[in-house]
Amino acid sequence: MKEQLEAIRKGALESIAGTQAAADLEALRVKYLGKKGELTAVLKQMGGLSAELRPVMGQMANEVRAAVEKAIETQSSILAEKALEAKLEAETVDVTIPGKKVEIGHKHPMYTALDEFKEIFINMGFEIMDGPEIEQEDYNFTKLNTPDDHPAREWSDTFYLTEDSRILLRTQTSPMQIRAMEEHGVPIRMISPGRVYRKDEVDATHSPMFHQIEGLVVDKGVTMADLKGTLNAVIREIYGPETKTRFRPHHFPFTEPSCEVDIQCHKCGGKGCPTCKGEGWIEVLGAGMVHPKVLRNCGIDPDVYSGFAFGFGLERMAMGRFKISDLRLIFENDIRFLEQF
């Protein structure tokens, strides 16, 4: 048995020292120290030894096991260190190679225009208010003096979310004007930017989802002259002092008198082109003096207070601001287009 143990020690240590892979090292461990390994097979013969030899052979077997385990542990560390060196060599970074340029993004042109509008109105003393995109019919239509038979209330024009037409995707941010008057009272100067939804066909100047900036001023002694002066100041601040505007009489249920405001087409200079549909002008907003019924609906005495309201189409204003010829470009997120701004 002594010769067998010596042979196991010598063979194991030589085999372990020449191992080049962790899998081979594990195979040697099983071969010599496993339940069916060579050392285990020798130990099963202990029962046939005399009482004097049994402890001697037992001690020698333990020494062989300890030597083999230490050799395996040592070789395992050597293999792990070699693997780490190989990995580091394979992953070496050449610091002399020029780095890749980091592309830094920027704001979308529409939000650039929005921020400019906000700054202009804040400097004029306006407050910015936000409200829900899913709105009640009462706020979107009724309190704004929109009659029951108005075309805007039809299912063909508005995205309703309930069969009784009481909940809808807001068609304008005007409901925030009502909420502002109800919650904050007068005097008030506010704008409410946000997304709105209408069943419009997509073309160069229309989209079923777009952005508006609604504004409201209510105080004592507010006149149509204040409305025109405010809008002209904002438009010329955005497009330059030479910008030409046109105020046309119109009708809105929530304002009286009402008007639509156009700017001369930035693309053709008023000559007529596809962007302005040959008219030379682009409609950018509707406005007017707040209807007395709307003031009464919000608990405000129209004999004491008056006001004006307006609503910009943000995409159209951005088109004029950045000389964009087609509104669809704003929504397509084509990087070739966005990189120009």
Euclidean distance, Lys118 NZ relative to Leu114 CG, rounded to 0.5 Å: 4.5 Å

Min side-chain heavy-atom separation Val290-Ser306 under 4.5 Å: no

Glu182 side chain reached by Tyr139 side chain, heavy atoms, under 4.5 Å: yes

Whether Gln136 side chain and Arg166 backbone form a donor-acceptor pair below 3.5 Å: no

Sub-4.5 Å side-chain heavy-atom contact between Pro253 and His150: yes

Arg170 side chain to Pro132 backbone, donor-acceptor under 3.5 Å: yes

Sidechain-backbone polar pair: Asp157 side chain, Arg153 backbone, donor-acceptor under 3.5 Å: no

CD on Glu116 to CD1 on Ile238, rounded to 0.5 Å: 5.0 Å

Pair Phe117 + Phe310: ring centers closer than 6.0 Å: no

Joint hydrophobic cluster, Leu314 plus Phe121, side-chain heavy atoms closer than 4.5 Å: yes

Heavy atoms from other residues, nucleotides or ligands near CD of Glu89 exceed 12 (cutoff 6.0 Å): no

Lys244 backbone acceptor or donor facing Tyr239 side chain under 3.5 Å: no

OG on Ser258 to NE2 on His250, rounded to 0.5 Å: 7.5 Å

Neighbour count >12 (heavy atoms, 6.0 Å) for atom NZ, Lys323: yes

Atom CG of Asp130 with >12 non-hydrogen neighbours under 6.0 angstrom: no

Check: Gly280 main-chain N/O paired with Gln264 side-chain donor or acceptor under 3.5 Å: no

Interatomic distance, Glu279 atom CD to Arg246 atom CZ [nearest 0.5 angstrom]: 7.0 Å

Between Ser174 and Glu214, a side-chain donor and acceptor under 3.5 Å: yes

Any donor-acceptor pair under 3.5 Å from Glu26 side chain to Ala22 backbone: no

Where at least one partner belongs to residues 183-201, residue pairs that pass salt bridge (charged side-chain N to carboxylate O under 4.0 Å, His left out), sequence neighbours excluded: Glu133-Arg195, Arg189-Asp219

Donor on one side chain, acceptor on other, Glu137 and Thr142, under 3.5 Å: yes

NE2 on His184 to CG on Leu216, rounded to 0.5 Å: 11.5 Å

Student check: side-chain heavy atoms of Phe126 and Val217 closer than 4.5 Å: yes

Cluster check Val261, Trp281: I/L/V/M/F/W/Y, side chain < 4.5 angstrom: no

Close side-chain approach of Gln172 and Leu144, heavy atoms under 4.5 Å: yes

Flag side-chain contact, heavy atom, 4.5 Å: Glu103 against Glu339: no

Glu73, CD atom: more than 12 neighbouring heavy atoms under 6.0 Å: no

Cluster overlap Ile213 with Tyr197, hydrophobic side-chain contacts below 4.5 Å: yes

Closest contact, heavy atoms only, Gly307 versus Val222: CA-CG1, 3.9 Å

Residue Glu69 excluded, over 12 heavy atoms near CD under 6.0 Å: yes

Minimum-distance pair of heavy atoms, taken over all atoms of Cys259 and Leu227: SG-CD2, 4.4 Å

4.5 Å side-chain heavy-atom contact, Lys293 and Glu256: no

Expected output: side-chain Gln75 to main-chain Thr19 donor-acceptor under 3.5 Å: yes

Salt bridge present between Lys277 and Glu283 (N-O < 4.0 angstrom): no

Connected via hydrophobic side-chain network under 4.5 Å: Phe331 and Val202: no

Exam field: side chain Asp226 to backbone Thr223, donor-acceptor pair closer than 3.5 Å: yes

Check: Thr171 main-chain N/O paired with Asn140 side-chain donor or acceptor under 3.5 Å: yes

Contacts of Thr162 that satisfy side chain to side chain donor-acceptor pair (under 3.5 Å) - sequence neighbours left out: Asp164

Nearest-0.5 Å distance that lies between atom NZ in Lys228 and atom OG1 in Thr230: 12.5 Å

Ile128 CD1: over 12 foreign heavy atoms closer than 6.0 Å: yes

Parallel, tilted or perpendicular, as decided by the 30° and 60° cut-offs, for the rings of Tyr111 and His108: perpendicular

